[in-house]
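Working notes for the structure below.
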Amino acid sequence: MYLDRIVETKREETAKLAATLSIPQALETIAGMPATKGFAKTLTAGRKRDMGLIAEVKKASPSKGLIRPDFDPVAIALAYEEAGADCLSVLTDAPYFQGSSEYLQAVRQAVNLPLLRKDFVIDERQIYEARILGADAVLLIAAILTPQQISTFMRTAASIGLDSLIEVHSLEEMKTVLELELSEGVLIGINNRNLHTFETSLAASESLGKLVPEGVPFISESGISSVQDMDFLRNTGASGVLIGECFMRQKDIQAAVNALMGPVGSAAKEGGVSIHE
Ligand SMILES: O=C(O)c1ccccc1NCC(=O)[C@H](O)[C@H](O)COP(=O)(O)O
C-alpha cells in the first residue's frame, strides 16, 4: 500500500527529528506561545455556514501529481479566509505532497483561522513540532497507528492545546476509533479516498457516518467538488468537509468556495452549479 512507503519516509524524518527536538525544550517554547484557536469548536459551534469547511492548502498529491503550479500558500490561505473558510489544512509533507513546515509557519503569520497540520504523524515529537510551527490541530490516521498510539497521541495533543482529527477509511478503523475514549476537541474524519486505488466515493461518508454516535462530530474528507456532493453530504450528518484539490484547481479560489459552500451565514444554494473544471 502507498501509505507504507509514506510511513517508511516518516520513520526516516522522525529519526532526524529525534536528534533536533527535545520534548522538555519544546514544552518551554510552547509555554511562551499564545493559546491555540479551538479547531474543533470552530467547526462545530462556531462554523459560518450550515456545513463547516476545512479548506486545504495543497500543491500536489500522490494520486494527482502537481495540482497547482502557481502555488503561493499565503495568497491561497488569505483567499480562503476571505471566502469564509472555518479552518485551514496545510500540508507539511514534502516528498509526496510538495508541502513544507515553512508553509505552515507562513500561513500562521498571515491568517487568524485555526490550522490543521496535515502530515503523517507516527511519533509524538511531530505533535510538539506541529504546535511550535503554529498548528491548532493534528491529523491522526488510524490506518498507520495502533489504538494505543491514537489514544496517547490524542492526549499529548490535548495537553499542549491541540485538537485532533482522527481519520478513518474503513469499517474496521471506525470500530477501533469508536472504542477509544474521545475527548472534547476530537473530530472524526471519514476519508472518502480508497487508499489502495486512490479512487474517492462519498458512499464512505454515508455508510461510516451512520456509525458515529450523536454528539461526536465528523468531517467528510476528499473527493468533494460539486454542490450535489455537498447536498449529499448534508444528509449524512457530517458537521463539515475537508476540501483541497477542487479549490486548488480554480483560478479564483474565493469565488469557488462561495459557489460550492454558499454565502457565509446561509445554507448553500440548491441546484446544479458544479465547479468541476
Ligand atoms: O490526496 C492524495 O492523493 C492522497 C494519497 C494518499 C494519502 C492521502 C492523500 N490525501 C490526503 C487527504 O486526505 C486529502 O488531501 C484531503 O482529504 C483533501 O482531499 P481532496 O479534496 O480530494 O484534495
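Each residue takes its place number in the sequence, starting with 1. Values below: all heavy atoms of this structure, side chains included; hydrogens, waters and symmetry mates excluded. Ligands are counted one by one from 1 in listed order, and the atoms in each one are counted from 1 as well.
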Pairing donors with acceptors under 3.5 angstrom, does anything connect the side chains of [X] and [Y]?
X	Y	result
D119	T92	yes
S205	N192	yes
S101	Q105	no
E167	N191	yes

Could you check [atom] against the protein and tell me its nearest heavy-atom contact, residue, atom and distance included?
atom	answer
atom 10 (N) of ligand 1	R193 NH1, 3.4 Å
atom 11 (C) of ligand 1	K118 NZ, 3.7 Å
atom 21 (O) of ligand 1	G244 N, 2.8 Å
atom 6 (C) of ligand 1	F198 CE2, 3.7 Å
atom 17 (O) of ligand 1	S222 OG, 2.7 Å
atom 15 (O) of ligand 1	E56 OE2, 2.5 Å
atom 9 (C) of ligand 1	F97 CZ, 3.5 Å
atom 3 (O) of ligand 1	S63 OG, 2.6 Å

Discussion item. Quick test of your reading of the model: are R68 and E245 salt-bridged, counting only N-O distances below 4.0 Å?
Written reply: no
Worksheet item: Would you call K16 and E12 a salt bridge, using N to O less than 4.0 angstrom?
Response: no
Fill in: Centroid-centroid under 6.0 Å between Y2 and Y96 rings
yes
Worksheet item: Can N191 be said to touch ligand 1, with heavy atoms closer than 4.0 Å?
Response: yes
Discussion item. Please confirm whether C246 approaches ligand 1 to less than 4.0 Å, judged on its heavy atoms.
Written reply: no
Taking only heavy atoms of [X], which atoms of ligand 1 are found under 4.0 Å from at least one of them?
X	result
L242	16 (C), 17 (O), 18 (C)
G223	20 (P), 21 (O), 22 (O)
K58	1 (O), 14 (C), 15 (O), 18 (C), 19 (O), 20 (P), 23 (O)

Worksheet item: Out of N192, L195, I243, who gets a non-hydrogen atom closest to atom 7 (C) of ligand 1?
Response: L195
Fill in: Heavy-atom nearest option to atom 20 (P) of ligand 1, drawn from E221, R5, H169, E245
E245
Worksheet entry | Given L242, L165, L187, D163, the one that forms side-chain contact (heavy atoms from CB on, under 4.5 Å) with L43 | L187
Worksheet item: Would a 4.5 Å heavy-atom cut-off, applied to side chains only, mark R11 and T9 as touching?
Response: no
Item to complete: May I ask you to decide if S22's main-chain N or O and Q25's side chain share a donor-acceptor pair within less than 3.5 Å?
Response: no
